[in-house]
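Following: one structure in structure tokens, then a few remarks.
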Amino acid sequence: CEPYLADPNFTYEKMKAKSLAAANLCNWVVNIIAYHKVYKNIKPLIDQLEEAKASKNKADADLSAIIKKLQQIDAKLDDLQRAFLEATQEKSTVEKIAKEC
């Protein structure tokens with residue numbers, strides 16, 4: 001690729017003097033080579049982004065599972081607190097009755 005770009009005759013203007021089709025083809029080749037150079041630098045970043053997205057999706061799934069489990073634990077805690085309150089009230093009632101006797 002580099003020998004073509006280094007050739008001073010391999011430019012759009014020089015090729016246009018010979019053939020418009022050759023000039024456009026030359027322009028296309030130059031742009032494809034430039035794209036390839038940029039893509040080589042960007043491709044590892046794209047791969048890292050995809051890995052990060054996959055990692056985030058897994059973390060989100062794990063978080064959702066933990067939140068669901070936490071909600072279940074909170075519901076169980078609410079039930080236990082309600083039962084404790086009822087038992088405490090019943091105890092108070094029984095103690096009050098026992099004192100009256």
Side-chain angles (χ1 to χ4, degrees):
C1 294
E2 295 302 321
Y4 293 110
L5 295 179
D7 186 354
N9 292 320
F10 196 73
T11 64
Y12 180 81
E13 292 77 24
K14 296 267 181 157
M15 289 291 176
K16 189 175 178 183
K18 299 180 192 295
S19 163
L20 186 59
N24 287 321
L25 186 59
C26 175
N27 199 29
W28 179 82
V29 169
V30 169
N31 288 323
I32 288 296
I33 291 171
Y35 173 82
H36 178 70
K37 286 179 181 179
V38 169
Y39 186 77
K40 283 192 321 187
N41 293 330
I42 299 297
K43 178 65 171 138
L45 298 175
I46 292 171
D47 292 342
Q48 287 177 353
L49 176 62
E50 292 302 318
E51 289 174 14
K53 284 181 181 179
S55 177
K56 181 190 177 292
N57 289 339
K58 183 182 180 317
D60 285 344
D62 291 346
L63 179 61
S64 294
I66 289 170
I67 288 172
K68 184 178 179 182
K69 184 70 174 172
L70 182 60
Q71 289 171 342
Q72 292 171 347
I73 291 170
D74 282 343
K76 179 74 172 178
L77 178 61
D78 289 342
D79 291 342
L80 290 172
Q81 286 176 335
R82 198 173 309 110
F84 176 73
L85 183 59
E86 290 172 4
T88 304
Q89 289 173 349
E90 184 180 342
K91 177 186 168 230
S92 294
T93 304
V94 169
E95 285 178 345
K96 188 176 183 181
I97 293 171
K99 282 184 180 181
E100 291 175 1
C101 294

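For reference, positions follow the sequence shown, starting with 1.
- One distance of note links CG of Asp62 with CG of Asn57; it measures 11.0 Å at 0.5 Å rounding.
- Taking 4.0 Å as the cut-off between side-chain N and carboxylate O, Arg82 and Asp79 count as a salt-bridged pair.
- Residues Phe10 and Tyr4 approach most closely at CB-O, 3.2 Å, considering heavy atoms.
- With hydrogens and angles disregarded, no donor-acceptor distance shorter than 3.5 Å links the side chain of Ser55 to the backbone of Glu51.
- Hydrophobic clustering (side-chain heavy atoms under 4.5 Å, transitive across Ile, Leu, Val, Met, Phe, Trp, Tyr) keeps Tyr35 apart from Val29.
- Legend: residues meeting ring-ring contact (aromatic ring centres under 6.0 Å, His included) with Tyr12, ordered by chain and number and at least two apart, are absent.
- Distance check: Cys26 SG to Asn31 CG gives 9.5 Å after rounding to the nearest 0.5 Å.
- Residues passing the salt bridge (Lys or Arg N to Asp or Glu O under 4.0 Å) test with Asp78: none are found, sequence neighbours excluded.
- Taken to the nearest 0.5 Å, the CE atom of Met15 stands 12.0 Å off from the CG atom of Asn24.
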- Criterion salt bridge (Lys or Arg N to Asp or Glu O under 4.0 Å) on Glu95 and Lys99, from CA distance to verdict: CA-CA 6 Å; Glu95 285 178 345; Lys99 282 184 180 181; over 6 Å; no
- Message: Applying side-chain contact (heavy atoms from CB on, under 4.5 Å) to Thr11 and Lys14, what does each step give before you reach the verdict?
- Response: CA-CA 5 Å; Thr11 64; Lys14 296 267 181 157; 3.1 Å; yes
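- The same ILVMFWY cluster, assembled from side-chain heavy atoms under 4.5 Å apart, contains both Val38 and Leu45.
- Expressed to the nearest 0.5 Å, how far CG of Leu80 lies from CD1 of Ile73 amounts to 11.5 Å.
- Side-chain contacts under 4.5 Å among hydrophobic residues (ILVMFWY), followed directly or transitively, place Ile67 together with Leu63.
- For Glu90, the CD atom sits in a loose shell: 12 or fewer heavy atoms of surrounding residues, nucleotides or ligands are nearer than 6.0 Å.
- A donor-acceptor contact shorter than 3.5 Å is absent between the side chain of Asn27 and the backbone of Ala23.
- A 4.5 Å side-chain heavy-atom check between Lys37 and Asn41 finds every atom pair outside the cut-off.
- For the pair Ile32/Trp28, a side-chain contact is recorded, criterion being any heavy-atom separation below 4.5 Å from C-beta on.
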